[in-house]
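Read through the structure below, which is laid out as structure tokens, and then see the notes.
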Amino acid sequence: MWALLVLIGAASVSAHLQDLSFDGQKVFRVIPQTDEQVEILNFLASIMEVDFWQPDSVTLVRPKMQVDFRIEAEKSFDVEDLLKESGMEYQVLIDNLQAALDAQFDSKARTARHSYEKYNNWDTIAAWTADIAAQNPDLVSRSIIGETYEGRPMYLLKMGKSGPNKKAIFMDCGFHAREWISPAFCQWFVKEAVETYGKDTVMTTLLDNLDFYVLPVLNIDGYIYTWTNDRMWRKTRSKNANSICIGTDPNRNFDAGWCTTGASKSPCAATYCGSAPESEKETKALADFIREHLSTIKAYLTIHSYSQLLLFPYSYTYDLPPDYQELNSIARAASKELASLYNTKYTYGPGAETIYPAAGGSDDWAYDQGIKYAFTFELRDTGRYGFLLPESQIKPTCEETSLAVKYIANYVLEHLY
């Protein structure tokens with residue numbers, strides 16, 4: 001078997017320079033049963049480009065864990081042979097990544113204009129932020145909280161009826177560039193709010209009594225890059241000193257157990273923690289805004305994909321947060337609310353024990369700042385499409401997630417502290 005591994009490794013250097021067609025690339029799901037099988041995955045990752053989807057780094061792989069990873073086309077048969085030879089349980093989740101990529105765009109709404117039921121590029125989203133504020137001046141305003149590494153303005157929408165001493169909920173989308181369903185949800189939620197205000201009693205009560213800060217895309221540079229160059233890009237687009245590798249994982253870049261576990265010090269890694277906490281302009285802008293509004297922000301929601309999880313602190317330690325009982329019961333009720341529409345099953349719990357330990361996350365940081373109600377959503381699906389969720393699933397995904405978000409927001413309103 002090791003001879004086979006060495007052969008695979010020898011051919012991998014030139015492949016790195018290939019142009020980015022995903023034709024023939026495969027996504028495998030394996031469940032290593034033993035430490036030796038975990039070791040095989042580690043060795044595989046050391047000799048070739050392996051893009052880990054779930055968990056997001058080979059260092060987090062443990063026996064009996066479900067592992068999804070993407071492999072270059074010319075390596076896929078070798079890898080399959082290796083998996084067979086090692087006796088590891090595996091299945092091919094996506095047989096041809098390019099075909100899955102093309103199949104994302106299955107929405108009926110093929111217009112050049114903005115649509116809530118298709119994936120919109122950044123220019124379309126940016127224009128939408130201006131439009132939605134202009135069309136709903138008594139409910140929505142737009143501001144800029146900073147700019148990205150490449151100099152783009154970071155737009156923030158504030159939703160709510162104006163009133164004195166209002167508390168707020170902060171929600172962001174688009175941390176990881178390739179998780180396209182995430183920005184789609186932030187746009188949907190804003191639409192939902194303005195369209196149902198005055199009609200839906202819960203939404204009306206929420207907007208009368210709370211403000212929502214919605215950041216539709218945090219990692220704008222990365223998001224644009226997934227539209228123009230590499231659909232599978234995850235990180236920011238900042239240059240790293242003394243490295244040709246680009247970008248930092250913004251969700252490992254916060255000052256919460258920074259770079260201690262489940263994050264990498266290597267600039268080439270998908271989970272690179274950055275040169276220091278808040279080294280990224282994007283994460284610093286978000287952290288600065290939250291610090292400035294700490295007296296009013298009572299909940300922090302961050303939207304990711306995929307795997308159908310509702311997580312709360314901590315991820316950087318296995319220690320349970322002081323508010324564990326309350327957070328767990330909110331997560332349980334919100335998951336139940338979400339499932340009530342399409343029976344989509346979510347798993348909930350503290351991040352480290354529910355999926356894997358990961359330091360430097362925004363939800364842990366917000367919680368440690370004193371924002372008690374801090375939650376991370378990992379939206380659909382559980383791996384059949386992974387990051388390439390078809391547009392036909394945007395509407396049901398956003399509808400069910402809105403139920404959970406409204407549940408949490410309503411709970412927060414009734415339990416202000």
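Positions are given from 1, in the same order as the sequence printed here.
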Check whether R178 reaches the backbone of M232 with its side chain - one donor and one acceptor, N or O, closer than 3.5 Å. yes
With a cut-off of under 6.0 Å to the ring centre and 45° to the axis, is R237 in cation-pi contact with Y149? no
Residue pairs fulfilling ring-ring contact (aromatic ring centres under 6.0 Å, His included) with at least one residue in residues 392-414, sequence neighbours excluded: Y373-Y411, Y411-H415
Looking at R380 and E400, is any side-chain nitrogen of the basic one under 4.0 Å from a carboxylate oxygen of the acidic one? yes
Would a line drawn from the ring center of W233 to the ring center of W227 be shorter than 6.0 Å? no
Report yes if some heavy atom in the side chain of P357 is under 4.5 Å from a heavy atom in the side chain of T317; otherwise report no. no
In terms of ring plane angle, is the pair F69 and F52 parallel, tilted or perpendicular, where the classes change at 30° and 60°? tilted
Go through the structure and list residues passing salt bridge (Lys or Arg N to Asp or Glu O under 4.0 Å) with R152, not counting sequence neighbours. E150, D221
Is any side-chain N of the basic residue among R291 and E278 closer than 4.0 Å to the acidic one's carboxylate O? yes
Flag the pair K166 and D211 as a salt bridge only when some basic side-chain nitrogen lies within less than 4.0 angstrom of an acidic carboxylate oxygen. yes
Please tell me whether F312 and Y348 form a close aromatic pair, meaning their ring centres lie under 6.0 Å apart. no
Salt-bridge criterion met for E326 and K372 (N-O under 4.0 Å): yes
Looking at residues at least two apart in the chain, or sitting in another chain, which of them share a side-chain contact (heavy atoms from CB on, under 4.5 Å) with K199? none
